[in-house]
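Please read the structure below before turning to the comments.
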Amino acid sequence: MTDPQTLFSDDYAAAADAADPLQRFRAQFHLPRFGEVEQAYFVGNSLGLQPRGARAQVEDVLDKWAMEAVEGHFRGNSQWMTYHRLLSAQLAEIVGAQPEEVVAMNSLTANLHFLMVGFYRPTAERPAILMEAGAFPSDRYALESQVRFHGFDPDTDLIEVQPGADGLFGIDAVAAAIEEHGHRLALVLWPGVQYRTGEAFDLAEITRLGHAAGAVVGFDLAHAAGNLPLQLHDSDADFAVWCHYKYLNSGPGAVAGAFVHARHAITDRPRFAGWWGHDAATRFRMGPDFQPTPGAEGWQLSNPPILGLAPLRASLDLFTEAGMPALRSKSEALTGYLETLIRSQLDDVLDIVTPRDVARRGAQLSLRVRGGREQGRALFECLSDNGVLGDWREPDVIRISPAPLYNTHADVLRFVRTVARWRDA
Ligand SMILES: *Cc1c(COP(=O)(O)O)cnc(C)c1O
């Protein structure tokens with residue numbers, strides 16, 4: 001193990017970056033400027049940076065529209081009729097699914113609702129949804145409104161598992177809650193990575209526990225997709241949803257993702273149907289009766305916003321080229337470097353909320369400012385004033401998420417130095 005003072009040096013960071021097999025990818029992104037230099041951008045968990053290839057993909061669509069108009073639907077490899085399929089194989093690879101199990105459509109909260117139409121089927125005996133307390137508000141709103149929509153009472157039927165005093169759940173708390181409430185659960189809806197703490201979960205184990213209790217199991221992978229290698233098919237999850245604007249770098253409000261397990265490819269579960277979910281072979285007979293396309297595509301409603309899908313192609317190409325295993329190794333190294341430097345240099349300033357166990361976290365570290373909210377705000381502003389971008393979560397947490405496609409050891413060192421200078425000032 002290299003000693004902490006050696007790690008806390010430009011030489012070490014430069015050598016680690018020079019040895020990084022993924023170093024070439026940073027140049028594939030637009031890095032926001034901070035005066036003469038680039039920002040140290042650690043907010044890829046909120047809005048990933050723009051891949052340089054995104055503009056060309058969007059321009060291709062604009063050109064095709066200009067030159068071919070309606071015929072753009074039917075002409076060439078990137079015809080709009082099947083454009084979403086250009087993404088499926090790469091997307092499937094990233095989340096560990098079969099191509100028929102995934103689709104890029106709608107937005108995240110919309111997908112959560114639409115999939116719950118089929119996968120949340122409460123009955124008087126089994127009305128409840130199990131979720132984590134302190135979830136991302138949109139998820140809570142969605143789940144609570146679904147419970148109400150079906151005529152049930154969120155006070156009793158939206159069960160929120162409380163984390164421990166450290167803010168973390170651990171699989172044992174999830175198991176205990178499923179054990180306690182299992183007989184009443186229609187659905188377990190759990191995050192892949194909790195947005196506030198960065199705690200990652202074993203999807204296969206949660207699915208096993210939920211299924212054993214007789215519940216459907218779905219995941220919100222907003223903070224997991226493109227961050228952790230996932231094996232969604234093998235996890236046996238019934239469904240999952242995620243967005244593409246965080247780790248997947250596809251732009252603000254990018255078209256989102258959805259997974260429906262192959263065993264539900266053909267299903268008589270109810271769904272809210274639209275023509276783009278109709279069997280592609282007969283869609284244009286324009287018949288009155290809905291025949292769903294097997295698999296995730298059958299859950300589509302509208303013909304997709306092609307301009308919105310275009311940046312995804314640029315981003316997915318980078319993920320395909322780098323590969324999730326290599327991205328994960330670099331991510332472990334970068335986040336591990338951040339963790340080691342915080343523990344050795346900044347232990348009096350920052351308390352790491354995120355689990356220490358690498359298997360229980362992704363790229364993000366959530367850092368509680370020991371001095372409390374006022375101090376935290378001052379530190380956060382000092383970081384921004386120095387071109388070091390993290391994000392703030394009330395009351396006293398700064399989230400720092402090194403993204404392995406574009407962050408470097410030098411970025412991490414710059415964060416640690418900026419905090420140390422603020423403390424010593
Ligand atoms: C980012 C995020 C959202 C945002 O929802 P949109 O529908 O994309 O606006 C919802 N849930 C979680 C867990 C998130 O991390």
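We count ligands from 1, going down the list as the structure has it; atoms in each ligand are counted the same way.
Taking a heavy-atom cut-off of under 4.0 Å, ligand 1 is surrounded by Leu108, Thr109, Phe136, Asp139, Asp220, Ala222, His223, Tyr245, Lys246.
Taking the ring centre of Tyr83 as origin, the terminal cationic atom of Arg313 falls inside the region bounded by 6.0 Å and 45° from the ring axis. Cation-pi geometry between Lys246 and Phe136 is satisfied (NZ or CZ under 6.0 Å from the ring centre, within 45° of the ring normal).
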Show every donor-acceptor pair shorter than 3.5 Å between a side-chain atom in residues 175-185 and any protein atom, with sequence neighbours excluded, or say none if there are none.
unit_1	atom_1	unit_2	atom_2	d
Arg184	NH1	Thr156	O	3.4
Arg184	NH2	Asp157	OD1	2.6

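For residues 265-274, the set of pairs meeting the salt bridge (Lys or Arg N to Asp or Glu O under 4.0 Å) definition, not counting sequence neighbours, is empty.
Under the side-chain hydrogen bond (donor to acceptor under 3.5 Å, both in side chains) criterion, Glu68 pairs with Lys64, not counting sequence neighbours.
Taking the charged nitrogens against the carboxylate oxygens, Glu339 and Arg361 do have a contact shorter than 4.0 Å, which makes a salt bridge.
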